[in-house]
*Asks:* 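Let me give you the structure first, and then I'll get to my questions.
Throughout, protein chains are lettered first and strands after them, A, B, ... in sequence-line order, and every chain is numbered starting at 1. On a predicted model such as this, the values are computed, not experimentally measured, just so you know. Side-chain atoms are counted along with the backbone in the values below, which use heavy atoms only and exclude waters and symmetry mates.
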Protein chains: 2
Amino acid sequence: MPNTKARPRKMTEVARLAGVSLSTVSRALAGHSRISEQTRQRVREVAQNLGYQLDVSASNLRTGVTRTIAVVIPLSHATRQRLSDPFFLEMLGALADELTARGYGMLLRKVTQPPADWLSSLIRARRVDGVIVIGQSLHHDELDKAARAELPLVVWGSRLEGQHYVTVGSDNEAGALAATSHLIEQGCRRIVFLGDSEVPEVQARLRGYLAALESARIARGPGLELPVRFGSGASYERISALLHSQVPFDGVFACSDVIAMSAMRALSERGRRIPSDVAVVGFDDIPLAAFTTPPLSTVRQDHATGARSLVEKLLQIISGRRPESEVIPIELVVRASSLRHHHARADTDRRRRSRVSRASNAAVPR
Amino acid sequence: MPNTKARPRKMTEVARLAGVSLSTVSRALAGHSRISEQTRQRVREVAQNLGYQLDVSASNLRTGVTRTIAVVIPLSHATRQRLSDPFFLEMLGALADELTARGYGMLLRKVTQPPADWLSSLIRARRVDGVIVIGQSLHHDELDKAARAELPLVVWGSRLEGQHYVTVGSDNEAGALAATSHLIEQGCRRIVFLGDSEVPEVQARLRGYLAALESARIARGPGLELPVRFGSGASYERISALLHSQVPFDGVFACSDVIAMSAMRALSERGRRIPSDVAVVGFDDIPLAAFTTPPLSTVRQDHATGARSLVEKLLQIISGRRPESEVIPIELVVRASSLRHHHARADTDRRRRSRVSRASNAAVPR
DNA sequence: TGCGGCTGCGCAAACGTTTGCGCCATCAGC
DNA sequence: GCTGATGGCGCAAACGTTTGCGCAGCCGCA
C-alpha cells in the first residue's frame, strides 16, 4: 500500500532497503543500463512499497529535460476576449490526450499582451521543452522571430508565405470553398461572409469563399463581407444591422460555429426562416452544432489528427529534426441549416482535398 | 536586446559581469535580503542585457516549491467522454487568469481512470504545489482519501456530509430551486428533470428541484426524472423517447446548457413549441445560451469568483491554513425559452441565496 | 582608542538526480 | 594458470540555485 502522507522518499532510502547503491536504483527504475533482471525487480518492488516517486525537479535539473510542453492560447490583444469558443476546448482535450499518451505534461497558458518574449522565456527558464501555440492570431511576427531563434515551436494555423515556424492547420481554403459552393448549389446567390479577415486563418477562408463565388461567376457583393471577431456576440449585431439596412442576402458563411449560431439567432428574431430564406454554414463542427435549431451545417475540423500532428512535429523539432508544415483535410458536414431542397445532392460536391458528407442527423426540418 | 538563441546564461555569468558574487545575484534578483539599492540595480541591468532567465528546475530543486498548480478534469470513467462542455472552458479560463495573476503556472490534466493515486503522485513527484479538481464527479472517495493524507487540494463541486476536502461550488440547490420555481410560476406543472443523479452536484440540483415541487404542492411525477450524463447527446434521445412515449410534460429543467440545447432540438423536431408547449431552463449560462433559438433561460454559475476562491483557498492550504468550504451564490437568468406570459414577473422570485435577474436580451419571441 | 552593532557581501553546503568511469568478479580461450 | 572480455554494480562529479553563516568594513559611543 503506497505511502501517501509522510515526507517524500528519496532514492537513497530505496537503495538502502534494496541493499544496492543509489546509482543502481536510478538505473533500475529508468530501465537504462545493464542491470540484472533480478535486482531490477527487487528495486522496483521496494520503490513500490515505499511509495517512492521520482523527484522531477531534481531529474529536470540533471537531465535538462522537463517532459512538459506549454500550450498557449493567444487571445487577440485588441479585445480582452474571454476564452469561450468550444473549439479551443476540443483542441485542448485532444492535445491533452496526445501529450499524456507520450508521457508529457501540459502547461496551459493564456496570453493577451505578449510581454516582449514570453515564448523564449518559457524555454530558457527550462520550464518546458517546447511550445504549441493554438491559433496564430495576430502574433505572426512574434512567432516568426521565435522560430528563427531556434525555439521548439509549432503553431496551429495557416501556412503563410516565407514563414519560419512550423504550422499544422486545417485546409481553410478548401473548407471555405466547399462550404460556399454548397451554399451556391442550394441556390444562394448573395452570401454573407462573417469573419475577422486580419487573422491568417480567416484570410484563407476568405480566399476559398471568393474562389467559390468566382467559379460560379457570382460577383463579390459589396457590404457582404463583414468583419466579426471570434467568440464575441458581435455577429449578432452585424447581422441585425445588415437585416435592418435592407441589403438583400440569402446565405451566410460564418468562420466559426459560435459566430454562425449568433447569426442564426439574429435571423430568426427578425423573422427570416432558415434555410428557406437564408441558408447558414458555420466552421469547426463543435458538438453543439448538431443541436441547434435547425441543426447547423458546418466545416468539420479534425482536431484529433491535428493534435497528433502538432505533438509529433514538436517532438521531432525537439529531437533536432525539421518537419514540414502540414495541412489537414477538412470535411463539410451538411445539416438542415443549409439544406433547401430534398433533391439536393450534397455529395456531388466532392472536390479539392475536402471531403463532403451528409451528416446522419441531417434530417430536413418539417 | 535580450538574447534568445544562444545557450541559456547562468547566474555565475551575471555575477562575473556585474562584478559581484553569485549569491549576491541571487539575492538581488529575488529582492530578498539586504542588498544595496545600487548593486541591486546593476545586477538587474546586467541580467536584463544578458537575457538571463532563472532556471526553474534548479530553483524548484533547491526551494522545494514549484509555483505550479495542477488543474485536473475528471471525466466519468464510465464513458470515455470527450472534453466538450463549454462550461469547463470558462472555468479553465478563469482559473488560468487567476493563477497567472499570482505568478503560478497551470498544469492541465485530464483523468479518466484514476490510476490508484494520481493525486498524491503529482504532489510527491514535486511536479506541482497543489491540485484543483474541477467537478468531484464520481471520485468522492478518492478525493477524500487524498485530503486526509494532507495533500493540498481543493475541489469545485458540492459539499457533502463529512467530507475532508475543501470545496468551492455553486449553490446548486438554490439554483435548481429558483429555476424550477420559475417554471412553475410560468404555469408548468409536469417538469422533466435531466441530469445524472449519481454526481453530487446533480444530486443537489435534484433536491432543489424537488423542494420547488413540494412547496408548490406538485407531486413528483413518475418518469420525469431522467438520467442524462453531462456532455453527451443522450438527452436528445431521452427527450425524443419521452415524447414518443406520450408521457405528458410542459417544462424541462436541464442540469447543463448543453443538455438543455439538445433537449430543445428534440422538442422542436417533434413540433413542440418553446416555451408555449414546453418551457426550458438550463444550467451554467454558457456564452452560447444567449444565442439559441429561442434564447435559453438558465442558471448562471459565477466561474470568475469561483475560480478566485478556489485559488485563494488552495494557496491558503499550501501555506498551512485550513480554509472552509464555500458556496457561491447563483443567478437565474430568464430568457425567452421559459417566458410564457408578458405579465409574468420573474423578479418576484427572489428567495434563498440566489438572485434572479431578467436578462437584457430576454425579449419575448414574436 | 576600543568596542559593539549594523550593513553589504562572499563561501560553501545543500537540494535529489543522472551518468562517465572504474573496479571487481566471472568466464572463455589459449 | 594467465589474459582479455564482459557483465554488474558503486563512486563521485556534475546540474544551477538558495541560504545559513561568517567576515570585513564602517559608524557611533564611551
*Asks:* Could you tell me which non-hydrogen atom of S57(A) sits nearest to which non-hydrogen atom of L61(B), and how far apart they are?
*Replies:*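 Of all heavy-atom pairs spanning S57(A) and L61(B), the closest is CB-N, 3.8 Å.
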
*Asks:* Between S23(A) and dC11(D), is there a contact of a side-chain N or O with OP1 or OP2 at under 4.0 Å?
*Replies:*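 Indeed not, no polar side-chain atom of S23(A) lies that close.
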
*Asks:* Can you tell me which stems DNA chain D forms when a stem means 3 or more consecutive Watson-Crick or G-U pairs under 3.5 Å?
*Replies:*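 Ordered by first number, the stems with DNA chain D (at least 3 consecutive pairs each) read C:1-30 with D:1-30.
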
*Asks:* So, using salt bridge (Lys or Arg N to Asp or Glu O under 4.0 Å) as the criterion, who are the partners of E324(B) when residues are at least two apart?
*Replies:*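 Per chain and number, E324(B) pairs via salt bridge (Lys or Arg N to Asp or Glu O under 4.0 Å) with no residue.
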
*Asks:* Is there side-chain contact between T305(B) and R308(B), with at least one heavy-atom pair below 4.5 Å?
*Replies:*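 Of all side-chain heavy-atom pairs linking R308(B) with T305(B), at least one is under 4.5 Å.
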
*Asks:* Distance check needed: dG10(C) P versus M11(B) CE, whole Å only.
*Replies:*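 After rounding, the gap between these two atoms is 13 Å.
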
*Asks:* If only side-chain N and O atoms of S57(A) are considered, is one of them under 4.0 Å from the OP1 or OP2 phosphate oxygen of dG16(C)?
*Replies:*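 Indeed not, no polar side-chain atom of S57(A) lies that close.
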
*Asks:* May I ask you to list the residues of residues 12-21 of chain B, by number, that have any heavy atom positioned under 4.0 Å from an atom of DNA chain C?
*Replies:*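 By residue number: V20(B), S21(B).
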
*Asks:* Quick one: does any side-chain atom of D144(B) pair with a main-chain N or O of H164(B) as donor and acceptor, under 3.5 Å?
*Replies:*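 Judged by distance alone, yes, a pair lies under 3.5 Å.
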
*Asks:* Contact between L17(B) and N49(B) at the side-chain level, heavy atoms closer than 4.5 Å - yes or no?
*Replies:*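 SC-SC contact between L17(B) and N49(B) ruled out.
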
*Asks:* Does S26(B) put a side-chain nitrogen or oxygen below 4.0 Å from OP1 or OP2 of dT18(D)?
*Replies:*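 So the side chain of S26(B) is within the cut-off, an N or O lying under 4.0 Å from OP1 or OP2 of dT18(D).
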
*Asks:* What's the CD1-P distance between I35(A) and dT18(C), to the nearest Å?
*Replies:*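 In whole Å, dT18(C) P lies 13 Å from I35(A) CD1.
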
*Asks:* What pairs meet the salt bridge (charged side-chain N to carboxylate O under 4.0 Å, His left out) rule with one or both residues in residues 48-57 of chain A, with sequence neighbours excluded?
*Replies:*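 Residue pairs with at least one partner in residues 48-57 of chain A: D55(A)-R126(B).
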
*Asks:* Under the salt bridge (Lys or Arg N to Asp or Glu O under 4.0 Å) test, which residues partner R322(B), sequence neighbours left out?
*Replies:*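 Applying salt bridge (Lys or Arg N to Asp or Glu O under 4.0 Å) to R322(B) gives E150(B).
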
*Asks:* Using a cut-off of strictly less than 4.0 Å, decide whether T39(A) has a side-chain nitrogen or oxygen near OP1 or OP2 of dC9(D).
*Replies:*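 Answer is yes, contact under 4.0 Å.
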
*Asks:* Using the side-chain contact (heavy atoms from CB on, under 4.5 Å) definition, which of the options L315(B), I317(B), L314(B) pairs with P323(B)?
*Replies:*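 One option only clears the test, and that one is I317(B).
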
*Asks:* Using residues 62-71 of chain B as the side-chain source, report each donor-acceptor pair under 3.5 Å to any protein atom, sequence neighbours left out, with the distance given to one decimal.
*Replies:*
unit_1: T63(B); atom_1: OG1; unit_2: S59(B); atom_2: O; d: 2.8
unit_1: T63(B); atom_1: OG1; unit_2: V65(B); atom_2: N; d: 3.3
unit_1: T66(B); atom_1: OG1; unit_2: T68(B); atom_2: N; d: 3.2
unit_1: T66(B); atom_1: OG1; unit_2: D129(B); atom_2: N; d: 3.3
unit_1: T66(B); atom_1: OG1; unit_2: D129(B); atom_2: OD1; d: 2.8
unit_1: R67(B); atom_1: NE; unit_2: G103(B); atom_2: O; d: 3.4
unit_1: R67(B); atom_1: NH2; unit_2: R102(B); atom_2: O; d: 3.0
unit_1: T68(B); atom_1: OG1; unit_2: R127(A); atom_2: NH2; d: 3.1
unit_1: T68(B); atom_1: OG1; unit_2: T66(B); atom_2: O; d: 3.1

*Asks:* Only counting residues at least two apart or in another chain, list the ones meeting side-chain contact (heavy atoms from CB on, under 4.5 Å) with S21(B).
*Replies:*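 Only S23(B), T24(B) meet the side-chain contact (heavy atoms from CB on, under 4.5 Å) criterion with S21(B).
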
*Asks:* Would you call the rings of W156(A) and F87(A) parallel, tilted or perpendicular, where under 30° means parallel and over 60° means perpendicular?
*Replies:*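 Ring orientation, 0 to 90° scale: tilted.
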
*Asks:* Looking at dG8(D), I'd like to know if its phosphate oxygens (OP1 or OP2) sit under 4.0 Å from a side-chain N or O belonging to S36(A).
*Replies:*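 No, because none of the side-chain N or O atoms of S36(A) sits under 4.0 Å from OP1 or OP2 of dG8(D).
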
*Asks:* Over all heavy atoms of both residues, which pair between R124(A) and P8(B) is shortest? Give the atoms and the distance, please.
*Replies:*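 Looks like O-CB, 4.3 Å.
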
*Asks:* Rounded to whole Å, please give me the gap between CD in Q53(A) and P in dG16(C).
*Replies:*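 Atom-to-atom, Q53(A) to dG16(C), this comes out as 15 Å.
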
*Asks:* With sequence neighbours excluded, tell me which residues meet side-chain contact (heavy atoms from CB on, under 4.5 Å) with Q41(B).
*Replies:*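 Residues passing side-chain contact (heavy atoms from CB on, under 4.5 Å) with Q41(B): E37(B).
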
*Asks:* For S121(A), which residues count as a side-chain hydrogen bond (donor to acceptor under 3.5 Å, both in side chains) partner, sequence neighbours excluded?
*Replies:*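 For S121(A) there are no side-chain hydrogen bond (donor to acceptor under 3.5 Å, both in side chains) partners, ignoring immediate neighbours.
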
*Asks:* Rounding to an integer number of Å, can you tell me how far K10(B) NZ sits from dT18(D) C1'?
*Replies:*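 For the pair K10(B) NZ and dT18(D) C1', the rounded distance is 17 Å.
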
*Asks:* Between N or O atoms, less than 3.5 Å apart, protein on one side and nucleotides 26-28 of chain D on the other: list the pairs.
*Replies:*
none

*Asks:* Check nucleotides 21-26 of chain C against the protein and report each pair of N or O atoms closer than 3.5 Å, with its distance, or say if there are none.
*Replies:*
none

*Asks:* To the nearest Å, give me how far apart CG (L22(B)) and C1' (dT19(D)) are.
*Replies:*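 Rounding to the nearest Å, CG of L22(B) and C1' of dT19(D) are 12 Å apart.
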
*Asks:* Expressed in angstrom and rounded to an integer, what is the separation of Y52(B) atom OH from dT17(D) atom C1'?
*Replies:*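 The distance from OH of Y52(B) to C1' of dT17(D) comes to 7 Å, rounded to the nearest Å.
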
*Asks:* Of the non-hydrogen atoms in L29(A) and A47(A), which two are nearest, and what is the gap between them?
*Replies:*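 So the minimum-distance heavy-atom pair works out to CD2-CB, 4.3 Å.
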
*Asks:* Rounded to whole Å, how long is the line connecting atom CD of E37(B) with atom P of dT7(C)?
*Replies:*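 Taking CD of E37(B) and P of dT7(C), I get 15 Å after rounding.
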
*Asks:* Going by number, which of residues 59-68 of chain B have a non-hydrogen atom under 4.0 Å from DNA chain D?
*Replies:*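 Per residue number, the list reads S59(B), R62(B), T63(B).
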
*Asks:* Determine, step by step, whether L92(A) and I134(A) satisfy the side-chain contact (heavy atoms from CB on, under 4.5 Å) criterion, reporting the C-alpha distance in whole Å, the side-chain angles of both residues, the deciding distance to 0.1 Å, and the verdict.
*Replies:* CA-CA 9 Å; L92(A) 274 185; I134(A) 305 187; 4.3 Å; yes

*Asks:* Heavy atoms, side chains only, cut-off 4.5 Å: are R159(B) and V327(B) in contact?
*Replies:*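 Sidechains of V327(B) and R159(B): in contact.
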
*Asks:* Atom CD of Q41(B) and atom C1' of dG8(C): how far apart are they, to the nearest Å?
*Replies:*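 Distance check: Q41(B) CD to dG8(C) C1' gives 16 Å.
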
